[in-house]
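Notes follow the structure.
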Amino acid sequence: MYEILILLPVCERHGDLCILVIHIDKQVFKLLFNRMAISPRSDATFSNQKSTPSESPRTKKFPLTEEEIFYMNCRAAYLTVFKSSLENIISKDQLYLALQHAGRNPSQKTINKYWTPQTAKLNFDDFCIILRKEKPTSKAELLKSFKQLDVNDDGCILHTDLYKFLMKRGEKMTREEVNAIINLTDVNADGKFDYIKFCKLYMTTNEQCLKTTLEKLEVDSKMRRHQFGNHIEGSPERDPSPVPKPSPKIIRKTDQETFSNKGDTRSSLLSATRKFKTSVSFTITMGANGNRNSKLTEPNLIKPCPVNLWHCPRGSISTSKNSSIFEFPKWHKWCLLPVYQDWQYMQSKGCFFLEEDGEIISHQYRMQIAQRSMVYLTIKPLNLSQVEGKPSPWLSVDTALYILKENESQANLQLVCFTELRNREVFGWTGELGPGIYWLIPSTTGCRLRKKINPVTDEAQLVYRDQTGKLFLTKEFKSTLSDIFEVIDLDGNGLLSLEEYNFFELRTSGEKCDEDAWAVCRDNFDTKRNELTRQGFMDLNLMEANDREGDPCDLWVTLHSMGYNKALELTEACPFVIDIYAEKCKPKIKAVHMEACSGQLEKAICKSVLSKGDAKVMDGYENIIVHTYSCDTWITSVIENKSDEKVIIHINNELSKNCVNNRGLNIFAVEVGPKSTMVCQHVMPLNERQEWIYYCIYSLIS
């Protein structure tokens, strides 16, 4: 069996190297070792070659489209790991293996993005969606990553440097493991690792592996007859290949890139000649708002007015023996007296981060209420030090908080409520909660937190040297670091605990700092009560710049990960603060995850819209229902498919006025799996000070 060692660049905070071994005779990729830090770049994978199966009479007469080639490659990779595409991925290890066979090399951070604590399984369709998002890298990108270790610029890396990086950086390798690399004769000579020869050998091998698998897939009629998710081998007079659907058990937002028409008039889903079976429309006119909504009273000005339940109007308060929640009428919730001093208070901060693919991730929290109590919760964007003349776009981002009750386990969460009332930038909810554990899941529609079309080109200076050559942080960068410290100091005590710092590390590097490393940090930087001070955090970043001899590339990786652009403007993140007041007990809140705004949140949004929104049934298709919920700030639509078949819905917002949606498109299409519900779109006004009209047509594609 011939083995080739593979070092794959993977993005973490500094961009790392992954080390793989390919067993060519079985075409099995096995992840042996993990990272070593070298270059700040995105999660990288290998081989962007478009491999195609051997030509058959069918493909000669009807050449495969790019979409069909993609699905063919997906099938080949999937069926190398599983006997049938109907089998599910049931573990992280299987997901690793399948992605590696597809020419990807996922880091642990990437795997955790798709396999969350709530994930039980993924199907072939989910696998295809992941492959769309995790793009392969080119040989040029690979060579560029290796080149940063090439101190002599001769196409080789010294063995001494390999030992240094692999045994002392990132997740350390043993000497025996490094020796295994050094002893590979094909790519080592004269004390050097020839990475140019290695890259050429890898690309050739990778292409051959995929070609062999595709040929086997083409020849094996039994495999060819499998139904691969939604994509079935068709006759020559084939329809365009359907797009993957998420697993019914895993509710997530349909991949926008899959269905949206980005200006391509040839798009099969959005073709003007496409016929619709039926349509339904919604029209909602919203008045000018201007942030003057005052339905929510400020936290420091409220106290519920005592109400004698026996004198409430009949039916105005509902309770259940099995419920920990009292449903109070709106007139009671907002029967408020000014100023309260006896309610107990807790606060926690967090942040929404915009990922490269447009996905939004944020902190998630557990809240403990010791006894039945009136509770008041709010969420709002966090005010940071604002430099005169610089925009603060995150302050206009909408925020919301979904409260879910934990019953028997974390997987069994019951939606209680969400913060639908508003006073300017503050969104809140008040009501009575029973004792227990609650999950607080922040949410933003994504209408205002989105990628900027015109990126900044001028790069701010982060460090400078004085006349003696000593390195310093610039005033602007120190101000930015101070704001970052403010965001990651979740409990607001002016210090960073190991737990708080690890959220920062996970965001910027994908790794955690262990107790031993924290002890080293404590010995070298300013700390109080075993927590890092603001000055200590500054010095830590200065040390990082010194380690690079003034090269700010690692510092920029940190800044971009935290949502800053080259002008040090916070444009791709929205820090927020959660305030909790309880009348009878002191609430406890703890950040436990930092995950994509999907999964439980998607379920919660769907459930809230189905319970509070208006519903319209597709004429002649009673199993397809469009639900629309509107408040003063946004409109959310949810599509419910009760049928046993998937459906494709065409959405047209062209007649809406003064509106923006989270998809960034006026016309798009989505696929809804059988027996499932999905969030279709969120819509907000472009200008809140003007009237906005939501007019949307939902059509079932034939």
Side-chain angles (χ1 to χ4, degrees), residues 291-309 312 316-319 323-350 362-383 398-406 414-444 490-492 575-591 604 608 612 631-633:
N291 286 328
R292 292 189 295 272
N293 189 328
S294 58
K295 288 185 178 180
L296 180 70
T297 303
E298 296 289 348
N300 61 346
L301 296 176
I302 71 159
K303 182 174 181 178
C305 175
V307 176
N308 186 330
L309 299 187
C312 292
S316 62
I317 297 178
S318 62
T319 62
S323 173
S324 59
I325 310 302
F326 277 93
E327 293 295 336
F328 285 86
K330 287 185 178 180
W331 59 264
H332 170 67
K333 287 181 180 179
W334 306 111
C335 227
L336 305 174
L337 295 177
V339 185
Y340 70 97
Q341 299 175 353
D342 55 342
W343 283 38
Q344 301 191 63
Y345 168 71
M346 284 295 291
Q347 183 186 84
S348 186
K349 289 179 281 188
S362 77
H363 296 80
Q364 296 182 3
Y365 308 82
R366 292 182 79 196
M367 177 181 71
Q368 183 177 359
I369 300 295
Q371 66 183 88
R372 184 176 294 277
S373 174
M374 283 294 295
V375 175
Y376 184 95
L377 300 102
T378 64
I379 181 172
K380 64 179 180 181
L382 177 66
N383 265 313
D398 59 286
T399 59
L401 198 61
Y402 285 79
I403 298 95
L404 294 87
K405 178 75 160 47
E406 184 176 298
Q414 171 196 353
L415 175 65
V416 175
C417 56
F418 68 98
T419 53
E420 58 182 319
L421 297 165
R422 177 190 184 194
N423 187 5
R424 296 182 174 86
E425 76 278 4
V426 183
F427 289 82
W429 175 88
T430 187
E432 189 170 66
L433 295 179
I437 302 296
Y438 296 83
W439 282 75
L440 306 183
I441 305 182
S443 171
T444 182
L490 301 181
D491 61 9
F576 56 79
V577 58
I578 297 171
D579 293 302
I580 307 171
Y581 299 79
E583 184 181 26
K584 302 292 186 182
C585 60
K586 188 173 182 64
K588 296 180 180 179
I589 182 172
K590 180 181 180 181
S608 65
K612 292 176 173 287
C631 62
D632 294 323
T633 310

For Lys588, the side chain to side chain contact (heavy atoms under 4.5 Å, CB included) test, sequence neighbours excluded, returns Gln368

By side chain to side chain contact (heavy atoms under 4.5 Å, CB included), which residues pair with Cys631, not counting sequence neighbours?
Tyr629, Thr633, Trp634

Hey, could you give me the [atom1]/[atom2] distance between [X] and [Y], rounded to the nearest 0.5 Å?
| X | Y | atom1 | atom2 | answer |
| --- | --- | --- | --- | --- |
| Leu401 | Trp429 | CG | CH2 | 10.5 Å |
| Ser373 | Trp343 | OG | CH2 | 6.5 Å |
| Tyr581 | Leu377 | OH | CG | 10.5 Å |
| Leu440 | Ile379 | CG | CD1 | 9.0 Å |
| His363 | Lys590 | NE2 | NZ | 13.0 Å |
| Ile441 | Leu404 | CD1 | CG | 5.0 Å |

Heavy atoms only: give me the nearest [X]-[Y] pair and the separation to one decimal.
| X | Y | value |
| --- | --- | --- |
| Glu406 | Arg366 | OE2-NH2, 3.2 Å |
| Gln364 | Pro442 | CA-CD, 4.3 Å |
| Gly350 | Tyr365 | CA-OH, 3.1 Å |
| Ser348 | Ile589 | CB-CD1, 3.9 Å |
| Glu425 | Pro381 | O-CD, 3.6 Å |
| Pro587 | Ile369 | CB-CD1, 3.9 Å |

Are the side chain of Thr430 and the backbone N or O of Val375 linked by a donor-acceptor pair below 3.5 Å?
yes

Backbone N/O of Asp398 and side chain of Thr444: donor-acceptor pair under 3.5 Å
yes

Side chain to side chain donor-acceptor pair (under 3.5 Å) partners for Lys349, two or more places apart:
Glu486

Going by the rule side chain to side chain donor-acceptor pair (under 3.5 Å), which residues pair with Gln347 if we only count those two or more places apart in sequence or in a different chain?
Tyr345, Asp579

With sequence neighbours excluded, residues passing salt bridge (Lys or Arg N to Asp or Glu O under 4.0 Å) with Lys612
Glu420

Derivation of the side chain to side chain contact (heavy atoms under 4.5 Å, CB included) call for Glu432 and Arg372
CA-CA 7 Å; Glu432 189 170 66; Arg372 184 176 294 277; 3.6 Å; yes

